[in-house]
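Only one structure is covered here, and it is reproduced in the block below.
These numbers come from the heavy atoms of this one structure, side chains and all, not from hydrogens, waters or symmetry mates. All residue numbers in this chain count up from 1 along the given sequence.
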Amino acid sequence: MNLNCKTYQVGDAKITYVGELVMNNVMPSTLFPDWNPDLLSDHQNWLSGNSIDPCAKHLFMSIHTWVVKTKHHTILIDTGVGNHKHRPFTPHFENLQLPYLQRLLAAGVEPEAVDYVLATHLHVDHVGWNTQKIDDQWVPTFPNARYVFSKAEYEYYKNPANHNDRNKTSVIVQKDSIEPIIAAGLADMIKIDGSELIDGLSFKPTPGHSIDHTSIALTSQGEEALFVGDLLHHPIQVRYPELNSIYDAFAEQSRLSRRWALEYAAERKAILFCSHFPESSAGTVTHHNRKFHWNYR
């Protein structure tokens, strides 16, 4: 899988993929609790060979950031896992040492030049590079940015009543990747209600994967994009939107939000920018014969 930068134009905005890491051995039955192998009986007709191995036993996925450059701002959407972070319950993310910041620089982004960091939700693989460890302290990686995320989601993970098995990693994440941002006075905790934030960007409510998950919509010069976070983990879910991942905390809400996003993309001809799809991780959705169809861009 390619971690090199790829850039898209949506109106006045330039959108660039910056990879952090790849995952090439995810089993469908592990990711999707309701998995049935028969779902892939005709997968050669609709699923790219770079999204699944030839024997259909392993999915290809990735973790990455989307950089959005408008006329006035440099914006990051989600920041991956991060380096040097203790993740005892997710060992594949434990104490990573990856050249993510070098890849950002290669994409023309200096940390000091970032104006906004927007989070679709507050999970381990979406907010990790909010901070970096310097002299044994977690400090903001993007010191001049406003970090924008859901107030309701932060309060959910802060509440001891939600410190359960499902959320045990997310509780740790708040301590090293969210609370230092708040302490530095860089956090803008918002209500997710569809309001426009900056430069045609708005936070659309798409709960289900997490308590207050949001998809971030971009409109520029009549063109549209939708950054869907973890509504979709793999192109299989475009074909079968009823499939929840093991990480979807609220099952029925997840299905409703996923279908909303697919219908939004198909009707508006918006480019979907995904958080874990392989290949480019960006594409368009069409709707015919009562099914959604994914097309990489």
Side-chain angles (χ1 to χ4, degrees), residues 20-21 23 26-35 59 61 63 78-96 117-131 133 138 147-183 187 189-193 203-216 228-234 237 241-261 275-276:
E20 185 184 23
L21 72 156
M23 299 170 289
V26 180
M27 296 177 62
S29 58
T30 299
L31 182 61
F32 302 122
D34 297 328
W35 180 250
L59 307 178
M61 299 173 65
I63 296 174
D78 292 337
T79 64
V81 180
N83 278 359
H84 309 297
K85 299 208 164 175
H86 184 44
R87 302 290 182 246
F89 308 114
T90 51
H92 47 295
F93 294 154
E94 172 72 13
N95 193 32
L96 296 181
V117 177
L118 312 182
T120 59
H121 61 300
L122 304 184
H123 280 178
V124 60
D125 52 338
H126 291 261
V127 296
W129 275 103
N130 283 5
T131 60
K133 184 173 276 190
W138 292 111
Y147 289 72
V148 185
F149 52 90
S150 162
K151 180 179 181 181
E153 184 138 324
Y154 171 71
E155 291 177 344
Y156 175 82
Y157 290 123
K158 187 177 179 181
N159 185 344
N162 300 314
H163 293 184
N164 51 35
D165 248 12
R166 171 176 279 279
N167 297 329
K168 59 189 177 184
T169 293
S170 295
V171 171
I172 297 172
V173 167
Q174 309 313 301
K175 294 177 181 178
D176 59 35
S177 300
I178 301 299
E179 290 176 6
I181 298 304
I182 297 172
M189 289 185 274
I190 65 170
K191 181 179 180 180
I192 306 300
D193 59 5
F203 284 66
K204 304 294 188 183
T206 52
H209 174 72
S210 64
I211 190 71
D212 204 33
H213 184 284
T214 179
S215 296
I216 299 171
V228 296
D230 279 1
L231 282 187
L232 297 151
H233 281 78
H234 194 272
Q237 290 174 288
E242 68 274 15
L243 273 183
N244 279 337
S245 83
I246 193 173
Y247 306 110
D248 292 331
F250 305 95
E252 193 51 39
Q253 279 190 319
S254 293
R255 295 186 181 99
L256 291 172
S257 293
R258 187 176 304 115
R259 183 165 287 276
W260 173 86
S275 292
H276 298 301

Testing the 3.5 Å rule here: is there a donor-acceptor pair between the side chains of [X] and [Y]?
X    : Y    : value
S177 : N130 : no
H213 : T206 : yes
D230 : H123 : no

Six-ring centre of W138, K175 cation under 6.0 angstrom, axis tolerance 45°:
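No - K175 does not lie over the ring of W138 by the 6.0 Å and 45° rule.
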Keeping [X] on the side-chain end and [Y] on the backbone end, is there a donor-acceptor pair under 3.5 Å?
X    : Y    : result
S29  : W35  : no
Q174 : K158 : no
D248 : S245 : yes
T214 : K204 : yes

Pairwise distance [atom1]([X]) to [atom2]([Y]) - rounded to 0.5 angstrom:
X    : Y    : atom1 : atom2 : answer
F89  : K168 : CZ    : NZ    : 5.0 Å
Y154 : I181 : OH    : CD1   : 11.5 Å
H84  : L96  : NE2   : CG    : 9.5 Å
L118 : H126 : CG    : NE2   : 14.0 Å
S150 : Y156 : OG    : OH    : 12.0 Å

Shortest non-hydrogen contact from [X] to [Y]?
X    : Y    : answer
Q237 : L243 : NE2-O, 2.8 Å
H163 : N159 : CD2-O, 3.2 Å
P241 : R258 : O-NH1, 2.7 Å
T131 : K85  : OG1-NZ, 2.7 Å
D212 : A152 : OD2-CB, 3.6 Å
A251 : N244 : O-ND2, 3.0 Å

Let me see the working for F93 and T169 under side chain to side chain contact (heavy atoms under 4.5 Å, CB included), right down to the final yes or no.
CA-CA 11 Å; F93 294 154; T169 293; over 6 Å; no
Taking side chain to side chain donor-acceptor pair (under 3.5 Å) as the test, write out the residues that go with H233, two or more places apart.
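Partners of H233 by the side chain to side chain donor-acceptor pair (under 3.5 Å) criterion come out as none, since no residue qualifies.
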Minimum side-chain heavy-atom gap [X]-[Y] below 4.5 Å:
X    : Y    : answer
V173 : L122 : no
W129 : V117 : no
I178 : F149 : yes
N162 : S170 : no
S210 : Y157 : yes
H276 : I63  : yes

Before giving the answer on side chain to side chain contact (heavy atoms under 4.5 Å, CB included), spell out for L21 and H92 the whole-Å C-alpha distance, their side-chain angles and the decisive distance to 0.1 Å.
CA-CA 11 Å; L21 72 156; H92 47 295; over 6 Å; no
Do R87 and D176 sit within salt-bridge range, that is, some charged N less than 4.0 Å from a carboxylate O?
yes
Under-4.0 Å salt bridge between R255 and E252:
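A salt bridge links R255 with E252.
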In chain order, what residues pass the ring pair (Phe, Tyr, Trp, His ring centres under 6.0 Å) check against W260, with sequence neighbours excluded?
Y264
Residue set satisfying ring pair (Phe, Tyr, Trp, His ring centres under 6.0 Å) with H234, at least two apart, ordered chain then number -> none
T120 and I216: CA distance, side-chain angles, deciding distance, side chain to side chain contact (heavy atoms under 4.5 Å, CB included) verdict
CA-CA 7 Å; T120 59; I216 299 171; 4.1 Å; yes
Once the angle between the rings of H209 and H121 is folded into 0 to 90°, is it parallel (under 30°), tilted (30 to 60°) or perpendicular (over 60°)?
perpendicular
Has Y247 got more than 12 heavy atoms of other residues, nucleotides or ligands less than 6.0 Å from its OH?
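Result for OH/Y247: open.
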Decide side chain to side chain contact (heavy atoms under 4.5 Å, CB included) for V81 and E20; before the verdict, give the C-alpha distance in whole Å, the side-chain angles of both, and the deciding distance to 0.1 Å.
CA-CA 8 Å; V81 180; E20 185 184 23; 3.7 Å; yes
